[in-house]
Structure formats: C-alpha cells, structure tokens
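Data first, discussion second: the structure below is written as structure tokens.
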Amino acid sequence: PSQAYGAGKAGGAFDPVTFFQQPQTILRIVSWLFSIVIFGCIANEGYINRPNEVQEYCIFNQNQNACNYGVFMGSMAFLCCVAFLALDVYFPQISSVKDRKKAVLTDIGVSAFWSFMWFVGFCFLANQWQATDQQDDPLRERGDAARAAITFSFFSIFTWAAQAFLGFQRYKLGSDSALFSQEYTDPSQDAAAGSGPYTSFGGDDLENSVFDGNAGYQRQDY
C-alpha cells in the first residue's frame, strides 16, 4: 500500500502489536531502559564518602560535573524517548505530508544529537573513572554502578544512531505522489468540506435545467 514517510493515510486503526514490533519502537524502548539504568546507577550509587568523612562526593574522580552530566543525560533521554514514542503512536494520524516531513526530520536531528551527546558522555565518564583513586572507594562498593553507567552510555551511542538511521530511511521513502500531495488532508475533512452550500445535480434536476435552458433560448427567438 502507498505510504507517506512510513505510514499510510490518516484515519487508520492503531495496531499495538504491529507498533511494538517495529524496529524503531524497539530501539526507543531499549534507549529508554538504558537511560533509566544510567540515571539510577549514578543517582543512587554514584556518590560515596570515606569512612572518616561525612560529606559525599562523586565516584568519578570526585568530579561533581561527571555525576551531574550523567544524571542530566539519563533523565533528559528518558523524557525524550517517551515523547518520541508518543509521536510514533500519533504519527499515522497526521494528515499533512508537510507535518509528517517535519516530524521525521526532527526525529533524525534529535536522535543524531543524542548519539553525539552519549559519545561525549561515555568518553567523559570513562576518562574520569580511569583517573579515580581506588582509595576513594576502599570497600569497592560503587565500582559496579560506575562501570554499568559507562557501559550503557556506550550502548546508547549506537541505539540513538540506529534511530537516526531509521529516521533517514523513512525520510528517503518520502511520499507516493500519486496519492499524496504536499497539501494532503484527512479524507474525512474533505468529506466535511464537501457538504457545504453547493450540492450536486441529480439526473432529473440536470434534465430540467437543460430543458429550461433550451426554453430560454427559444423564448429569445420570439
């Protein structure tokens, strides 16, 4: 069937099974889970204090910016995944091809941006972890959480890059010019617009109108 940017005409029924089987949906859910893991590892296990100290500090080389970066990235990526999942659900209902194009381009740009930001985050956290003095965590209580945050930051680079790639594939598909135009709107809206002050002529009405027209011409002869 003809599609516009990966979805058919607006007004179709939502199929949750098909939706959750789509590669893009799976990648968004995986990225969503990764963001939860990163946020949880740093927010819950990313701070520690020495036995003789009360003040807690970041496990990543005592660099508060490293922990702040990880927590911020995890929380914002979580919200972004939720927003794009909602957009994916609503996308088939978008009747305008122009709006669909904007949505796909936004998906590509945001996904590429997050892939880059996770690359920066991975390098930053890995560098700070390598520079961390093992005496800062003598009981090795937080090492697993730190390594998990670094690992899932690395994986997030590729999940977001894959989302950008799939978005680009949808953009290349474009729209079927035979059934879609740049001003395409929902057929139900066209039907509503058609029920205006103008009505079509039936067979009898057309015949009478022709007859009246002929009579008018005859009357002009006399």
Side-chain angles (χ1 to χ4, degrees), residues 1-40 71-119 121 152-153 155-202:
S2 299
Q3 295 183 336
Y5 295 102
K9 286 188 175 182
F14 174 71
D15 184 1
V17 176
T18 302
F19 174 75
F20 285 106
Q21 289 178 344
Q22 294 176 348
Q24 189 152 339
T25 303
I26 296 173
L27 285 171
R28 295 202 199 284
I29 294 176
V30 171
S31 299
W32 177 70
L33 293 175
F34 286 175
S35 66
I36 294 176
V37 172
I38 296 168
F39 173 83
V71 170
F72 175 78
M73 290 287 291
S75 58
M76 293 304 297
F78 172 87
L79 296 176
C80 192
C81 288
V82 173
F84 273 101
L85 281 171
L87 177 62
D88 289 342
V89 173
Y90 178 70
F91 187 83
Q93 305 303 321
I94 299 177
S95 58
S96 172
V97 171
K98 287 185 177 180
D99 292 339
R100 290 190 181 189
K101 181 179 180 180
K102 292 177 182 178
V104 172
L105 289 176
T106 301
D107 183 14
I108 296 172
V110 172
S111 297
F113 169 79
W114 275 109
S115 179
F116 172 76
M117 293 301 292
W118 280 123
F119 173 76
F152 285 102
S153 296
F155 291 156
S156 295
I157 299 172
F158 300 100
T159 58
W160 284 99
Q163 291 180 60
F165 174 77
L166 291 179
F168 181 70
Q169 292 294 104
R170 286 201 298 171
Y171 177 75
K172 287 175 60 179
L173 288 175
S175 61
D176 186 346
S177 59
L179 292 179
F180 292 92
S181 67
Q182 293 300 313
E183 301 296 336
Y184 168 75
T185 55
D186 195 328
S188 61
Q189 298 177 0
D190 293 339
S195 60
Y198 300 99
T199 56
S200 60
F201 289 100

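Because its NZ or CZ atom is both nearer than 6.0 Å to the ring centre of Phe91 and within 45° of the ring axis, Arg170 counts as a cation-pi partner of that residue.
What you find for Cys80 and Trp114 is that their closest heavy atoms are SG-NE1, 3.4 Å. Residue Val89 comes nearest to Phe19 through the heavy atom pair CG2-CZ, 3.6 Å, listed as atom of the first residue, atom of the second, then distance. Across all their heavy atoms, Trp160 and Ala77 have their closest contact at CZ2-O, 4.2 Å. Between Ile26 and Phe20, the shortest heavy-atom distance links the atoms CG1-O, 3.6 Å.
Proximity of a side-chain donor or acceptor of Arg28 to a complementary backbone N or O of Val82 within less than 3.5 Å is not detected.
Between the OG atom in Ser156 and the CE atom in Met73 there is a gap of 8.5 Å [rounded to 0.5 Å]. Separating the CH2 atom in Trp118 from the OG atom in Ser153 is a distance of 5.0 Å, to the nearest 0.5 Å.
Here the side chains of Lys101 and Tyr171 are in contact, with some heavy-atom distance below 4.5 Å.
With sequence neighbours excluded, the residues satisfying side chain to side chain contact (heavy atoms under 4.5 Å, CB included) with Ala164 are Ser111, Ala112. Every residue meeting the side chain to side chain contact (heavy atoms under 4.5 Å, CB included) condition with Phe116, not counting sequence neighbours, appears here in chain and number order: Val120. In this view, Thr106 and Phe84, Val110 satisfy the side chain to side chain contact (heavy atoms under 4.5 Å, CB included) rule, not counting sequence neighbours. With sequence neighbours excluded, the residues forming a side chain to side chain contact (heavy atoms under 4.5 Å, CB included) with Phe72 are Met76, listed by chain and number.
Gln24 and Asp107 form a side-chain donor-acceptor contact under 3.5 Å, judged by distance and modelled atom types alone.
Pairs engaging residues 71-85 under the salt bridge (charged side-chain N to carboxylate O under 4.0 Å, His left out) rule: none recorded [sequence neighbours left out].
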Just list the side-chain donor-acceptor pairs under 3.5 Å for residues 30-38, sequence neighbours left out, or say none.
from  : atom 1 : to     : atom 2 : distance (Å)
Ser31 : OG     : Leu27  : O      : 2.9
Ser31 : OG     : Thr159 : OG1    : 3.0
Ser31 : OG     : Gln163 : NE2    : 2.9
Ser35 : OG     : Trp32  : O      : 2.6

